[in-house]
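Working notes, structure below.
Predicted model only: the values in this text are computed from it and were never measured. Convention: sequence-line order gives letters A, B, ...; per-chain numbering from 1.
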2 protein chains.
Amino acid sequence: MSIRRGRSVTISDVAEAAGVSRAAVSKVIRNAYGVSPGMRERVEDAIEQLGYRPSVAARALRGSSYRLGLETPHVNARFMTQIVEGAKRAVTGTPYQIILAPADGPEYGTLESLADGLVDGIIAVSPLVDQTWLEDLAKRVPVVMLGRHDTPQGYDTVIGDDHAGARAVMRHLLGLGHRRIAHLTEPEPVTAPGCGTPHAIRLEVYRACMIEAGLGAHIQIARRTAGADSAQSAAAELLTRPDPPTAIFAGHDDMAVDALAAAAGRGVAIAGYDNTDLAAHPLIGLTSVDQQGVEMGAQAATMLLERLQGRTEPRRYMSTTELRIRTSTTSVSPG
Amino acid sequence: MSIRRGRSVTISDVAEAAGVSRAAVSKVIRNAYGVSPGMRERVEDAIEQLGYRPSVAARALRGSSYRLGLETPHVNARFMTQIVEGAKRAVTGTPYQIILAPADGPEYGTLESLADGLVDGIIAVSPLVDQTWLEDLAKRVPVVMLGRHDTPQGYDTVIGDDHAGARAVMRHLLGLGHRRIAHLTEPEPVTAPGCGTPHAIRLEVYRACMIEAGLGAHIQIARRTAGADSAQSAAAELLTRPDPPTAIFAGHDDMAVDALAAAAGRGVAIAGYDNTDLAAHPLIGLTSVDQQGVEMGAQAATMLLERLQGRTEPRRYMSTTELRIRTSTTSVSPG
DNA sequence: TTGAAAGCGCTAACAC
DNA sequence: GTGTTAGCGCTTTCAA
């Protein structure tokens with residue numbers, strides 16, 4: 001049939017084949033009002049016949065692309081899996097689709113490129129991005145942010161209860177009799193005191209719990225090396241300190257799994273955060289905080305759809321947390 | 001400034017601010033010929049000043065979106081991580097970006113939606129999609145397929161050496177003295193004999209090696225339940241058969257990890273495929289075939305860029321494989 | 001080297 | 001209920 005690449009069938013072809021106007025075809029594909037059953041049928045036949053598929057680019061230019069962009073940072077990838085799963089679930093049955101934009105560096109670039117007219121809305125995990133910058137972004141395109149404890153006015157937030165989750169971990173470890181408990185966390189900018197990221201809060205709670213327990217002198221913090229995928233060396237360093245910890249509270253499961261690798265056979269209790277699928281594996285058996293990532297992803301997508309339907313006042317969703325206790329903490333003693 | 005959403009700065013605004021025509025601005029942002037240094041500078045200043053970002057939708061409608069779509073199936077997610085990593089690496093320094101389209105069901109839908117003018121090219125893992133259908137798709141948009149052993153004429157392929165890889169696993173297990181070796185693989189359609197998917201080939205090689213070794217009577221095949229995320233129950237079922245295997249060759253690492261869970265403590269040797277990051281973890285220690293997923297992803301993206309530059313004759317890249325031997329097979333005896 | 005103008009495929013007013 | 005028309009923001013001949 002067609003010779004040149006891209007010479008695909010357009011709305012005009014369908015209109016011609018069905019003997020109607022392009023506007024009519026447009027109405028049919030959007031389920032808009034003012035279409036008689038007869039016309040609808042003829043148009044749908046023509047669409048079927050010609051294998052017509054609307055151009056996303058053209059639709060986006062004029063109205064909606066029906067694509068929601070989800071920015072996925074490289075770190076903590078296993079938790080993002082849950083988010084993606086939830087988001088996909090939430091758009092099922094709607095005309096919207098989720099597309100993923102992998103980010104590595106500072107997230108400004110990825111977010112901007114998502115906002116460049118490719119998607120109708122954005123879900124992102126960018127704890128460090130400036131709030132005013134985000135408010136500006138949110139003026140151009142609907143935005144839902146994950147893991148931000150700020151109180152925005154132009155976008156929505158979906159967060160876990162980091163205070164409760166971290167406290168549950170600490171209570172658990174302290175209850176087991178551990179005194180030298182260390183915290184393994186993300187590199188500096190994202191854990192700076194008062195910056196309000198989930199990891200900063202978990203760190204603060206760790207500190208507070210240690211002090212409350214009269215263990216201020218045993219506070220030990222290790223950070224994953226910036227740029228390094230693995231937290232294994234950071235955990236290893238922790239374990240070779242003069243007075244090594246008997247327990248490690250890792251900021252998320254990926255780091256906890258790295259810590260397990262570093263601590264293999266040393267009898268160190270390790271707890272993580274996010275309850276990723278791997279935590280339940282019998283060979284891993286990682287105690288972890290379930291913050292219901294799938295539900296968080298679903299909520300984020302749902303909130304975005306609401307904004308697309310016209311809501312403008314900001315909303316905030318906080319998921320509940322539950323500690324899943326497994327052998328990584330129960331099979332070792334405080335030594 | 002702007003009131004309504006989407007009222008962002010356009011090429012006309014830049015043109016006006018710089019006192020030039022829109023065509024001139026277009027040339028500048030595309031680094032096209034025929035721009036005087038002076039004009040270029042004024043335009044770039046205006047772009048900077050106004051914070052102009054070209055609309056992807058508008059560009060896509062007329063030319064390129066500068067986005068490459070990578071379809072990521074849900075199964076075998078850990079291997080896809082390598083592919084994504086490689087693809088991202090390959091587009092670094094080019095104007096192109098990778099976007100991910102998660103697929104769950106039959107991949108036709110995801111591929112079509114990618115082809116709807118959103119991206120300039122497609123990288124996909126769709127072993128079951130019909131070749132002629134793909135050839136048609138490839139007429140509309142450049143396509144590179146991963147894990148297809150067919151010989152297409154309109155698209156490129158990137159594959160691993162499944163024959164060599166599977167044979168290495170079998171040689172290893174047989175060399176260890178195992179006789180009752182089972183194969184854990186994907187659900188039926190993707191492993192149907194002769195369908196040419198990587199998993200079908202690994203299965204065939206398994207069969208052939210067993211027969212060559214005079215162990216035809218010990219051939220045992222288990223398939224992950226279609227729809228179930230985990231292969232754990234399939235592996236468990238395998239282990240409760242009357243004459244249970246002493247070794248399991250799993251079609252990929254995710255299934256191998258599930259098999260490890262099912263076999264925990266039973267002294268069954270388990271080998272996987274893909275050498276995902278988890279395989280090297282000390283608590284997992286999974287013997288696995290490294291087929292260089294990152295390189296495969298990079299090659300796929302590079303080939304796509306070549307097509308975008310005009311290449312039309314099909315190319316094929318096959319990665320080499322190497323068996324990584326770890327404790328999952330070496331710490332147990334054939335019993 | 002620069003700009004005017006046409007048009008990519010679609011949607012949204014508005015007329016009929 | 002249906003069609004006409006005017007763009008969305010950009011690229012691309014083609015004249016100047």
Q) Side chain of A/Arg311, backbone of A/Met303: donor and acceptor closer than 3.5 Å? A) yes
Q) Is the backbone of A/Leu118 close enough, under 3.5 Å, to the side chain of A/Ser65 for a donor and an acceptor to pair up by distance? A) yes
Assess whether a salt bridge exists between [X] and [Y], defined as any Lys/Arg side-chain N lying under 4.0 Å from an Asp/Glu carboxylate O.
| X | Y | result |
| --- | --- | --- |
| B/Arg40 | B/Glu44 | yes |
| B/Asp136 | B/Lys139 | yes |
| A/Arg307 | A/Asp156 | yes |

Q. Under 4.0 Å between a side-chain N or O of B/Tyr33 and OP1 or OP2 of C/dT2?
A. no
Q.
Less than 4.0 angstrom between a side-chain N/O of B/Ser55 and OP1 or OP2 of D/dG9, yes or no?
A. no
Could you give the [atom1]-to-[atom2] distance, from [X] to [N], as a whole number of Å?
| X | N | atom1 | atom2 | value |
| --- | --- | --- | --- | --- |
| B/Arg53 | D/dC8 | CZ | C1' | 19 Å |
| B/Asp13 | D/dC10 | CG | C1' | 13 Å |
| A/Leu61 | C/dT11 | CG | P | 11 Å |
| B/Ile47 | D/dG9 | CD1 | C1' | 14 Å |
| A/Ile11 | D/dT4 | CD1 | P | 14 Å |
| B/Leu118 | C/dG9 | CG | C1' | 15 Å |
| A/Arg140 | D/dG9 | CZ | C1' | 14 Å |
| B/Arg59 | D/dC8 | CZ | C1' | 16 Å |

Q.
Hydrogens and angles aside, do A/Arg30 and A/Ser26 bring a side-chain donor and acceptor to less than 3.5 Å of each other?
A. yes
Dump the pairs, protein N or O against N or O of nucleotides 12-16 of chain C, anything under 3.5 Å, distances to one decimal.
{"from": "C/dA12", "atom 1": "OP2", "to": "A/Arg30", "atom 2": "NH1", "distance (Å)": "2.7"}

